[in-house]
Amino acid sequence: MPQKKIAPLVTLALIALSAACRAAAADGNGQTPSLSSTLADDYIFSLPANQGWSDTGIEVQVGQTLHIVYLPGLISDGRNAMPDAGGAGYICGRADCCEPLPTAPRGALIGRIDEQAFYIGNGGELSMPANGFLQLRINDCDSGLYDNRGALTLMIIP
């Protein structure tokens, strides 16, 4: 691999390690009190599984591509341990469901801009559906957040 490509990869690995260490040391039960970012121009975020919508502070434009990368970790929703940001597999699918995005798996990473929610899961290249500030959360009912544990660590690159 050429020298030019190795340095960014090493930097990203160090950033991910820093975020993982910070998340592990957060508080006694592994939870961080709020969405926070670290290093690399605020590209790394720790999203607690027991928190509702969290503002990333990233303003986007409709059609803008963001690269969202889920970094390894574990969350649970009281019943299911989820080894990634893809969720538990259960999809309510009905309009009367309490999940913010009934068409996405419970426990999955979802985003919202203004009032438009969308599935992110384990990430990738995502085209932003609206103008505004990107918010994130776990797809779980507000009344069900109390028993969630852990946090997702994410890298968001505009």
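No hydrogens, no waters, no symmetry mates; every other heavy atom, side chains included, goes into these values. Since the model is a prediction, treat every value here as computed from it, not as a measurement.
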**Message:** For L126 and T65: C-alpha separation, side-chain torsions, deciding distance, then whether side chain to side chain contact (heavy atoms under 4.5 Å, CB included) applies.
**Reply:** CA-CA 5 Å; L126 296 156; T65 299; over 6 Å; no

Nearest 0.5 angstrom please: [X] [atom1] to [Y] [atom2], how far?
X: I68; Y: I58; atom1: CD1; atom2: CD1; result: 7.5 Å
X: Q51; Y: L145; atom1: CD; atom2: CG; result: 9.0 Å
X: Q135; Y: S54; atom1: CD; atom2: OG; result: 8.0 Å
X: H67; Y: E125; atom1: NE2; atom2: CD; result: 4.5 Å
X: R106; Y: N80; atom1: CZ; atom2: CG; result: 5.5 Å
X: M155; Y: I44; atom1: CE; atom2: CD1; result: 4.0 Å

Show the nearest heavy-atom pair for residues [X] and [Y], with the distance to one decimal.
X: G89; Y: P105; value: N-CB, 4.0 Å
X: G87; Y: M82; value: C-SD, 3.6 Å
X: W53; Y: P100; value: CZ2-CB, 3.9 Å
X: F118; Y: R112; value: CE2-N, 3.8 Å
X: A108; Y: G86; value: CB-O, 3.5 Å
X: P102; Y: C97; value: CB-CB, 3.9 Å

Would you say [X] and [Y] make side-chain contact, with heavy atoms under 4.5 Å?
X: I156; Y: Y43; value: no
X: P158; Y: Q64; value: yes
X: N131; Y: V60; value: no
X: S46; Y: L152; value: no
X: I113; Y: F133; value: no

Would you say [X]'s side chain and [Y]'s backbone share a donor-acceptor pair under 3.5 angstrom?
X: N148; Y: N50; value: no
X: N139; Y: I110; value: no
X: D77; Y: G107; value: no
X: D55; Y: G57; value: yes
X: T56; Y: L134; value: yes

**Message:** One thing to verify: whether D142 and R137 come together as a salt bridge, which I'm taking to mean a side-chain N less than 4.0 angstrom from a carboxylate O.
**Reply:**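 Yes.
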
**Message:** Go through it in stages, so that I can follow the logic: the residues are I75 and D84, the test is side chain to side chain contact (heavy atoms under 4.5 Å, CB included), and I'd like the CA-CA distance, side-chain angles, deciding distance and then a yes or no.
**Reply:** CA-CA 8 Å; I75 63 170; D84 62 23; over 6 Å; no

**Prompt:** Between L47 and L109, is a side chain to side chain contact (heavy atoms under 4.5 Å, CB included) present by the stated rule, with each step listed?
**Reply:** CA-CA 9 Å; L47 178 68; L109 174 63; 3.6 Å; yes

**Request:** Kindly determine whether L136 and L154 satisfy side chain to side chain contact (heavy atoms under 4.5 Å, CB included), including the steps that lead there.
**Result:** CA-CA 10 Å; L136 302 173; L154 310 163; 3.6 Å; yes

